[in-house]
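Input: a single structure, listed below in structure tokens.
Labels below follow one simple rule: chain letters A, B, ... track the order of the sequence lines, proteins then strands, and each chain is numbered from 1. These numbers were taken from a predicted model, which means no experiment stands behind them.
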Amino acid sequence: MPIPMQDLSEWYTQVIEKAGLAEHSPVRGCMTIKPYGWALWENIQRPLDEAFKATGHQNAYFPLFIPLSFLAREAAHVEGFAQECAVVTHYRIQTDPVTRTVQPDPEAKLEEPLVVRPTSETIIWNTFKNWIQSYRDLPLLINQWANVVRWEKRPRLFLRTTEFLWQEGHTAHATAEEALAEARQMLEVYARFVQDYLAIPVIKGRKTPTERFAGAVETFTIETLLLDGKALQAGTSHFLGQNFAKAFEVKFLNAQNELEYVWATSWGVSTRLIGALILSHGDERGLVLPPRVAPIQVVIVPIWRSEAQQAQITEAAHRLAQQLREKGLRVKVDDDPHHRPGWKFNEWELKGVPLRLTLGPRDVEDNTVEVSWRHTGQKATHPQPAVVQACASWLEEMQRELFVRAQERIQRQTHRVDSYADMKAILEKERGFILAHWDGNAETELAIKEETGATIRCIPLEGEKEPGRCIYTGRPSEQRVLFAIAY
RNA sequence: CGAGGCGUAGCGCAGCCCGGUAGCGCACCUGCUUUGGGAGCAGGGGGUCAGCGGUUCAAAUCCGCUCGCCUCGACCA
């Protein structure tokens with residue numbers, strides 16, 4: 001295992017493959033998500049889905065294919081996605097009689113090409129048109145779990161794959177205020193989930209106009225900083241104004257019997273969260289998974305010498321596992337006879353399992369068990385009944401400690417900077433978050449990006465709002481913004 | 001799309017410069033001994049050497065073309 005801080009990109013690829021989360025598929029930029037990785041995604045999906053439903057949203061499903069003409073309806077939107085669309089042009093293949101190669105049948109060309117959705121605003125708003133007539137149909141609060149395709153130039157497992165899995169919320173409202181409140185609410189839902197479940201600290205903010213979603217009036221984001229000091233957008237929530245309502249002619253009659261365009265939001269998080277998770281907590285032994293989303297929270301490794309012991313200790317391990325399951329924990333007994341204990345210790349540490357219980361002849365004799373904490377490497381032996389009682393609270397403690405540890409790391413990597421020279425020096429040396437003043441101009445933003453590689457990740461929503469002078473031009477600025485080199 | 005690197009067993013690699021019928025480690029199978037931090041010994045199975053073409057008595061090796069992958073940039077959830 002490479003040391004994470006020396007070559008994070010090598011470490012990242014290896015840990016994903018060795019821990020069995022995912023692997024490269026034969027299709028460029030597309031990955032196979034393996035059972036362990038999928039279990040992790042399910043543990044991310046479940047609480048998010050519950051949070052969406054708790055805030056009044058319903059799930060639905062819209063088509064994978066979008067007629068090309070739909071995408072063209074919203075000018076900024078089509079421009080934003082034009083460079084990365086996969087397009088279906090034929091509906092049949094044939095074997096060429098001369099070359100013997102299989103190819104699209106030229107006779108079977110589609111009248112209108114279909115775009116594989118890079119996001120679903122257009123097809124959903126085309127549908128919403130039929131669902132909305134009156135203010136009584138509003139708000140319309142829909143979410144879908146889906147796959148989308150964006151032909152990215154440089155794919156990376158989980159962080160930027162050609163096909164990725166996500167959820168996309170799409171809502172319609174009677175007023176701008178209500179839609180804006182919805183966008184802000186979902187940003188909160190994301191921030192809470194990412195911090196409480198993934199133990200990843202985030203900064204909530206607004207995107208600058210240059211970084212805004214194609215077709216949005218306002219884009220909110222949660223930004224985090226990974227182990228190597230590079231920033232990652234972990235989720236977004238957009239206030240779309242009336243842009244899509246106008247593009248798709250979605251109007252409603254208000255209580256005064258007047259026809260109005262509806263107001264929209266959209267918001268999403270993706271399998272990128274798994275990448276964020278790996279690159280927030282991992283170490284030289286591999287993955288470190290926060291207990292709340294870990295597919296296996298406790299692994300029990302039985303150790304035996306004789307065959308008689310094997311039977312007895314394995315049985316004791318399963319009894320212990322059952323007691324822990326009754327406490328609501330996800331437990332695995334690794335009684336595989338083909339591997340030795342040392343191998344198993346390394347394997348489960350690589351897979352990031354939060355707690356390991358080791359049960360050997362000594363322990364069975366004394367009714368004890370050895371506990372090992374993944375995030376600290378600490379070990380201790382306790383009586384079995386005490387361990388059964390304490391495991392759940394140890395896991396909760398670990399969940400909090402992982403968050404605090406990440407928060408302290410990000411604090412160390414965050415710099416308040418007032419001189420452009422300092423900013424450049426820090427970005428070259430250790431990257432990280434740079435809190436600095438900006439004059440609000442896109443030209444300034446672009447110049448800084450070209451000279452340093454750093455972009456404005458967001459204009460933070462929280463924290464002090466002291467005015468100052470732009471780090472680049474010296475012109476007045478209302479508040480500090482967050483710069484970083486991004487993934 | 002630009003710049004680098006790499007395609008040889010499931011995985012990681014050597015062999016290529018200097019052409020002679022393919023090897024190592026891990027993994028896998030069998031047996032025995034082992035099991036508290038990636039076990040040992042013995043035996044065994046597994047290869048269109050990325051593809052196509054050329055040179056040659058003979059090509060993994062030399063030459064040409066094509067395809068794919070990885071890393072780094074511009075783009076992005």
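Among the atoms of the strands shown, base atoms are found under 4.0 Å from some heavy atom of A:Y487. Among the heavy atoms of the strands, none lies under 4.0 Å from A:G268. Note on A:E370: a base of the nucleic acid sits closer than 4.0 angstrom, heavy atoms only. The residue A:T219 sits apart from the nucleic acid: no heavy atom pair falls under 4.0 Å. As judged by a 4.0 angstrom heavy-atom cut-off over every strand, A:P337 is placed among residues making no nucleic acid contact. Counting non-hydrogen atoms under 4.0 angstrom, A:E17 reaches nothing in the nucleic acid. Contacts of A:W304 with the nucleic acid, taken as non-hydrogen atoms under 4.0 Å apart, include base atoms. Note on A:K379: a base of the nucleic acid sits closer than 4.0 angstrom, heavy atoms only. Residue contacts for A:L232: at a heavy-atom cut-off of 4.0 Å it reaches no nucleic acid atom on any strand shown. In this structure, A:E152 reaches the bases: a heavy-atom distance under 4.0 Å links it to at least one base atom across the strands shown.
Across the protein-nucleic acid pair, A:R160 atom CZ and B:C70 atom C1' stand 15 Å apart, rounded to whole Å. Distance NZ (A:K18) to P (B:G10): 19 Å, rounded to an integer number of Å. Note: CZ (A:R156) to P (B:A74) measures 13 Å, nearest angstrom. Counting to the nearest Å, the C1' atom of B:G36 and the CG atom of A:L359 are 11 Å from each other. B:A77 atom P lies 16 Å from atom CE of A:M31, rounded to whole Å. In this structure, A:E307 places its CD atom 12 Å from C1' of B:U35, rounding to the nearest Å. Rounded to whole angstrom, the span from the CD1 atom of A:I303 across to the P atom of B:G37 amounts to 7 Å. When the C1' atom of B:A74 is taken as reference, atom CD of A:Q83 falls 12 Å away, rounded to whole Å.
Remark: the A:R356 side chain and the B:G37 base include a donor-acceptor N/O pair separated by less than 3.5 Å.
Nucleotide B:A9 has no partner under the Watson-Crick or G-U criteria, as no pair reaches both atom distances under 3.5 Å. Of all nucleotides present, only B:G40 satisfies the Watson-Crick or G-U wobble test against B:C32, with each distance under 3.5 Å. Using N1 to N3 plus N6-O4 or O6-N4 for Watson-Crick, or N1-O2 and O6-N3 for G-U wobble, each under 3.5 Å, B:U71 pairs with B:A3. In this structure, B:G45 forms no base pair with any nucleotide, since neither Watson-Crick nor G-U wobble geometry is met with both distances under 3.5 Å. B:C17 is unpaired under the criterion used here, namely a Watson-Crick or G-U wobble arrangement in which both key atom distances are under 3.5 Å. Checking B:G53 for Watson-Crick or G-U wobble geometry (two distances, each under 3.5 Å) identifies B:C63 as its partner.
Interatomic distance, A:L165 CG to A:T271 OG1, rounded to the nearest 0.5 Å: 5.0 Å. Atom CZ of residue A:R362 and atom CD1 of residue A:I303 lie 8.0 Å apart, to the nearest 0.5 angstrom.
Spacing of C1' atoms, B:G5 relative to B:U33, comes out at 46 Å, to the nearest Å. B:U48 and B:G44: their C1' atoms are spaced 24 Å apart (whole Å). Taking the C1' atom of each, B:G46 and B:C11 are spaced 14 Å apart, rounded to whole Å. Across the C1' atoms, B:G25 and B:A14 are found 10 Å apart, a figure rounded to whole Å. B:A39 and B:A27 are spaced 9 Å apart, taking the P atom of each and rounding to whole Å. Taking atom C1' on both nucleotides, B:A50 is separated from B:A58 by 23 Å, rounded to a whole Å. Nucleotides B:C65 and B:G12 have their P atoms positioned 28 Å apart, rounded to a whole Å. Across B:C17 and B:A60, the matching P atoms stand 12 Å from one another, rounded to whole Å.
Between A:E315 and A:R319 a salt bridge is recorded (basic side-chain N to carboxylate O distance below 4.0 Å). Taking 4.0 Å as the cut-off between side-chain N and carboxylate O, A:D335 and A:K344 do not count as a salt-bridged pair. Ion pairing of A:E17 with A:K34 is absent here, as no side-chain N (NZ or NE/NH1/NH2) approaches a carboxylate O to less than 4.0 Å. Using a 4.0 Å cut-off between charged side-chain N and carboxylate O, A:R356 and A:E349 make a salt bridge.
Toward the 5′ end of RNA chain B lies the nearest nucleotide of A:K344, the other residue of the pair A:K344 and A:E84 mapping further downstream.
Listed pair A:R340 / B:G36 meets the phosphate criterion, a side-chain N or O lying under 4.0 Å from OP1 or OP2. A close approach under 4.0 Å does occur between a side-chain nitrogen or oxygen of A:R305 and OP1 or OP2 of B:U35.
If you check residues 185-209 of chain A against RNA chain B, you find no residue with a heavy atom closer than 4.0 Å.
Residue A:Q407 qualifies as enclosed at atom CD: its count of foreign heavy atoms under 6.0 Å is above 12. Surrounding CD of A:Q58 are at most 12 heavy atoms belonging to other residues, nucleotides or ligands under 6.0 Å away.
The cationic atom of A:R150 (NZ for Lys, CZ for Arg) does not lie both less than 6.0 Å from the six-membered ring centre of A:F81 and within 45° of the ring axis. Under the 6.0 Å distance and 45° angle rule, A:R272 does not count as a cation-pi partner of A:F164.
The side-chain contact (heavy atoms from CB on, under 4.5 Å) test with A:H281 singles out one residue from A:L287, A:L198, A:I200, and that residue is A:I200.
Stacking between A:W166 and B:A77 is absent: the aromatic ring centre is not both under 5.5 angstrom from the base six-membered ring centre and within 30 degrees in plane angle.
Nearest nucleotide to the side chain of A:R272, out of B:A77, B:G36, B:G38: B:A77.
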